[in-house]
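The structure appears right after this line, and notes come after that.
Since this is a predicted model, take the numbers as computed values, not measurements.
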Amino acid sequence: MKITDSIVLVTGANRGVGRVFARTLIQRGAKKVYVTARDVESLEVTEGGASERQVPLRLDVTSAQDIAAAVRAAGDVNLLINNAGVLSAGGALDVAEAALRRDMAVNFEGLLNVTRTFAPVMESNGGGKVVNMLSLLSLVSAPGFSAYNASKAAAWSIAMSLRAYLEPKGISVLNVFPAGIDTDMLAGVDGPKDDPEAVVADVLDAVESEAEDVYPASAADVHASWRDDPKAVEKAFAAMM
């Protein structure tokens with residue numbers, strides 16, 4: 001799928017990777033980009049972009065009413081980027097129930113419900129692509145983020161199921177497994193972090209290459225290690241707690 005002339009909706013476009021997606025999609029020639037967030041006032045018109053090609057929309061991915069309103073407003077979408085996400089700290093034995101529910105509601109249920117609601121629209125528009133911003137922690141656990149790990153693993157599972165159902169409708173699915181990214185979400189977390197521009201560039205290249213999975217920036221090296229010896233990577237991540 002070509003980015004040029006595509007009509008895109010990005011969830012969680014008010015900060016971090018979502019904001020970079022909004023800017024880069026305009027730079028790469030997207031015809032229109034619906035930029036969405038829970039708080040419309042927090043959305044930023046892309047620097048150096050054509051503001052008439054950006055449409056801000058309120059979208060809390062945990063709200064059925066917001067999702068329905070977004071579909072009515074963005075009925076021409078053919079590229080959906082499920083980027084909205086939250087990260088809660090806490091180990092498996094002590095993570096707060098509210099934190100677990102929050103991460104699952106946004107990272108798993110939000111991805112599923114937005115995709116299910118937009119699928120008929122995309123099919124009627126002749127097909128398209130769904131991009132799911134998952135995580136390397138879909139594959140292996142960082143013990144201090146147990147709720148996030150579980151929600152991203154669940155999101156990966158449902159994304160594979162969605163692929164099977166959407167393919168006959170002319171909608172392909174690209175699952176993205178980044179490593180840590182240098183955004184507000186990980187501001188208080190030590191460790192190597194990828195540049196968000198590099199991550200977004202790799203993801204959009206993968207959209208155009210028709211890949212089914214992509215491990216952007218440094219995630220490619222971690223995935224190679226995981227593929228060769230998943231237990232060794234599991235133990236290495238476990239030692240980070």
*Which atom names give the shortest non-hydrogen contact between Ala105 and Thr62, and what distance separates them?*
O-CG2, 3.7 Å

*With hydrophobic residues grouped by side-chain heavy-atom distances under 4.5 Å, do Tyr165 and Ile67 end up in a single group?*
no

*Would you say Lys169 and Met122 make side-chain contact, with heavy atoms under 4.5 Å?*
no

*What is the distance from atom CZ of Arg72 to atom CG of Leu57, rounded to the nearest 0.5 Å?*
11.5 Å

*Nearest heavy-atom pair of Asn14 and Arg19: which atoms, and what distance?*
O-NH2, 2.6 Å

*Any side-chain heavy atom of Val8 sitting closer than 4.5 Å to one from Ile81?*
yes

*Any chance you could measure Leu79, atom CG, to Leu174, atom CG, to the nearest 0.5 Å?*
9.5 Å

*May I ask you to say whether Arg163 pairs ionically with Glu167, meaning some side-chain N is under 4.0 Å from a carboxylate O?*
no

*State the NZ-CD distance between Lys129 and Glu208, to the nearest 0.5 angstrom.*
10.0 Å

*May I ask you to test the Tyr215-Asp221 pair for a side-chain heavy-atom distance under 4.5 Å?*
no

_Which residue in the set Val207, Val20, Ile3 passes side chain to side chain contact (heavy atoms under 4.5 Å, CB included) when paired with Leu25?_
Ile3

*Polar side-chain atom of Gln54 near backbone of Lys32 as donor-acceptor pair, under 3.5 Å*: no

*asked:* I'd like to know if Val233 and Leu136 are part of one continuous hydrophobic network [Ile/Leu/Val/Met/Phe/Trp/Tyr, side-chain heavy atoms within less than 4.5 Å].
replied: yes

*Do Phe237 and Val95 belong together in a cluster built from hydrophobic side chains that touch within less than 4.5 Å?*
no

*Run through Thr115, Asn175, Asn107 and flag the one making a side-chain hydrogen bond (donor to acceptor under 3.5 Å, both in side chains) with Asn82.*
Thr115

*Which pair of non-hydrogen atoms, one from Ala70 and one from Leu59, has the smallest distance, and what is that distance?*
CB-CD1, 4.2 Å

*Write down the atom of Asn149, the atom of Ser141, and the distance for their closest heavy-atom approach.*
ND2-OG, 2.7 Å

*Kindly determine whether Arg53 and Val33 satisfy side-chain contact (heavy atoms from CB on, under 4.5 Å), including the steps that lead there.*
CA-CA 6 Å; Arg53 289 160 56 200; Val33 181; over 6 Å; no

*asked:* Quick check: do Ser138 and Phe177 have side-chain heavy atoms less than 4.5 Å from each other?
replied: yes

*Measure the CG-OG1 distance between Leu80 and Thr11 for me, rounded to the nearest 0.5 Å.*
7.0 Å

_Is the shortest side-chain heavy-atom distance between Pro216 and Val176 below 4.5 Å?_
yes

*If every non-hydrogen atom of Ala84 is compared with every non-hydrogen atom of Val61, which pair is closest and at what distance?*
CB-CG1, 4.1 Å

*Can you list the steps and then say if Asn78 with Ser6 is a side-chain hydrogen bond (donor to acceptor under 3.5 Å, both in side chains)?*
CA-CA 7 Å; Asn78 59 12; Ser6 61; 4.9 Å; no

*Which atoms form the tightest heavy-atom contact between Val17 and Pro196, and what is the distance?*
CG2-CB, 4.3 Å

*When rounded to the nearest 0.5 angstrom, what is the spacing between CZ in Phe118 and CD1 in Ile171?*
11.5 Å

_Between Asp103 and Ser88: side-chain donor-acceptor atoms closer than 3.5 Å_ = yes

